[in-house]
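Below: one structure, written as structure tokens.
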Amino acid sequence: MSRIIAIDGPAAAGKGTLARRLAAELGFDYLDTGLIYRAVGMKLTRAGLDPNDPAQAEAAARALNPTELQAVDLRGDDAAQAASKVAVIPGVRSALLDFQRAFAGQPPGGKGAVLDGRDIGTVVCPGAGAKLFVTASVEKRAERRLKELQSRGVGAIHSAVLADMRERDERDSTRSAAPLKAATDAFVLDTSDLDADQAFAAALDYVKSKL
Ligand code: C5P
């Protein structure tokens, strides 16, 4: 598992940007595992089904096809909320485990894999060669998410984004199945006062020391 980089952390801490840059720098493949949960959540929502329903959610997860990860409506906050609802269901998590481990074990490009999510270092790839836990204060993360939404022309207000983020943090950290937490052997990177280049430099130094 040494050619695997596991990146975990809460929403909008900067892990996606970091994961993509590390993958590009090292020539590794990249899997955004949040997209998988979003795809399952939106599949149910679009069909008028309840993402909190364990049997329906597990069936949707088992039937997930990789092409569904390309759906255009997976980036929004509706998808994020639906994702964090299906993500508390143990049957959904175990259905998605094989998909993630297959990618980590045999990345399409063959050189190595970067996976980001909430439980990569703790559950999906506990033997990963490098583990990063990327975090930032909830206020900073809400600010970043607000800017990102505004840059996409989506109207949003800071207090609503902050409340949404707190709600999702709470659900992700307190669930009993694979809660969001740093692996004991993870390098914790707090990006509250770092820009993207500084965060990338710190992460790359750490990863190079491990792989
Ligand atoms: O990372 P992203 O914000 O796209 O993830 C959406 C939701 O999917 C998270 O809030 C979390 O509930 C869930 N998730 C998870 N485990 C992962 C990735 C995402 O539970 N490995």
Side-chain angles (χ1 to χ4, degrees), residues 4-20 22-23 30-45 51-52 54 57-58 60-61 64 66 68-104 113-126 128 131-136 138 140-142 144-149 152 154 156 161-183 186 191:
I4 296 174
I5 303 173
I7 305 186
D8 292 302
K15 56 184 193 313
T17 307
L18 208 54
R20 259 185 290 275
L22 285 171
Y30 167 54
L31 180 64
D32 169 0
T33 66
L35 263 190
I36 306 175
Y37 288 89
R38 286 169 182 256
V40 174
M42 283 312 278
K43 194 166 160 169
L44 293 157
T45 308
N52 295 299
E58 186 177 337
L64 189 73
E68 292 174 68
L69 303 183
Q70 265 121 48
V72 288
D73 58 355
L74 300 185
R75 298 279 165 204
D77 281 347
D78 289 356
Q81 286 293 345
S84 83
K85 288 176 186 160
V86 299
V88 306
I89 301 168
V92 168
R93 303 202 72 86
S94 62
L96 299 178
L97 204 52
D98 288 348
F99 183 96
Q100 298 171 81
R101 286 196 175 143
F103 183 93
V114 180
L115 285 84
D116 80 20
R118 302 292 187 286
D119 62 342
I120 310 303
T122 51
V123 175
V124 179
C125 301
K131 295 182 187 179
L132 277 149
F133 189 82
V134 184
T135 189
V138 71
K140 277 278 162 76
R141 291 186 286 116
R144 289 176 191 162
R145 176 55 50 87
L146 187 67
K147 278 195 191 133
E148 183 210 320
L149 289 170
R152 286 197 274 129
V154 181
V161 172
L162 184 62
D164 221 49
M165 196 142 299
R166 286 207 162 107
E167 187 189 330
R168 199 142 65 95
D169 280 0
E170 170 76 10
R171 203 183 292 125
D172 288 350
S173 319
T174 57
R175 69 182 178 216
S176 54
L180 167 68
K181 65 168 189 241
T191 65

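The structure displayed is predicted, hence computed values, not measured ones. First listed ligand is number 1; within each ligand, the first listed atom is number 1.
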Pairwise, report which nitrogen or oxygen atoms of ligand 1 are under 3.5 angstrom from protein nitrogen or oxygen atoms, and how far apart they are.
| residue | atom | partner | partner atom | Å |
| --- | --- | --- | --- | --- |
| ligand 1 | 1 (O) | Arg118 | NH1 | 2.9 |
| ligand 1 | 3 (O) | Arg38 | NH2 | 3.2 |
| ligand 1 | 3 (O) | Arg118 | NH2 | 3.2 |
| ligand 1 | 3 (O) | Arg168 | NH1 | 3.0 |
| ligand 1 | 4 (O) | Arg38 | NE | 2.6 |
| ligand 1 | 4 (O) | Arg38 | NH2 | 3.2 |
| ligand 1 | 10 (O) | Arg118 | NH2 | 3.3 |
| ligand 1 | 10 (O) | Arg168 | NH1 | 2.8 |
| ligand 1 | 10 (O) | Asp172 | OD2 | 2.7 |
| ligand 1 | 12 (O) | Asp172 | OD1 | 2.6 |
| ligand 1 | 12 (O) | Asp172 | OD2 | 3.4 |
| ligand 1 | 16 (N) | Arg93 | NH2 | 3.0 |
| ligand 1 | 20 (O) | Arg93 | NH1 | 2.8 |
| ligand 1 | 20 (O) | Arg93 | NH2 | 3.3 |
| ligand 1 | 20 (O) | Arg175 | NH1 | 2.9 |
| ligand 1 | 20 (O) | Arg175 | NH2 | 3.0 |
| ligand 1 | 21 (N) | Thr33 | OG1 | 2.9 |
| ligand 1 | 21 (N) | Arg118 | N | 3.2 |
| ligand 1 | 21 (N) | Asp119 | OD1 | 3.0 |

List for me each residue that meets side chain to side chain contact (heavy atoms under 4.5 Å, CB included) alongside Ile89, sequence neighbours excluded, and say none if there are none. Pro54, Ala57, Val92

State whether Arg152 and Glu148 are salt-bridged, where the test is any N-O pair (Lys NZ or Arg NE/NH1/NH2 against Asp/Glu carboxylate O) under 4.0 Å. yes

Would Lys15 and Asp116 pass as an ion pair if we require N to O under 4.0 Å? no

Filter on side chain to side chain donor-acceptor pair (under 3.5 Å), then keep only pairs touching residues 77-92, sequence neighbours left out; what's left? Gln81-Asp164, Gln81-Arg171, Ser84-Arg171

Mind checking side chain to side chain contact (heavy atoms under 4.5 Å, CB included) for Glu58 and listing every partner two or more places apart, or none if nothing turns up? Arg62

Give the intermediate values and the outcome of side-chain hydrogen bond (donor to acceptor under 3.5 Å, both in side chains) for residues Thr17 and Arg144. CA-CA 12 Å; Thr17 307; Arg144 289 176 191 162; over 6 Å; no

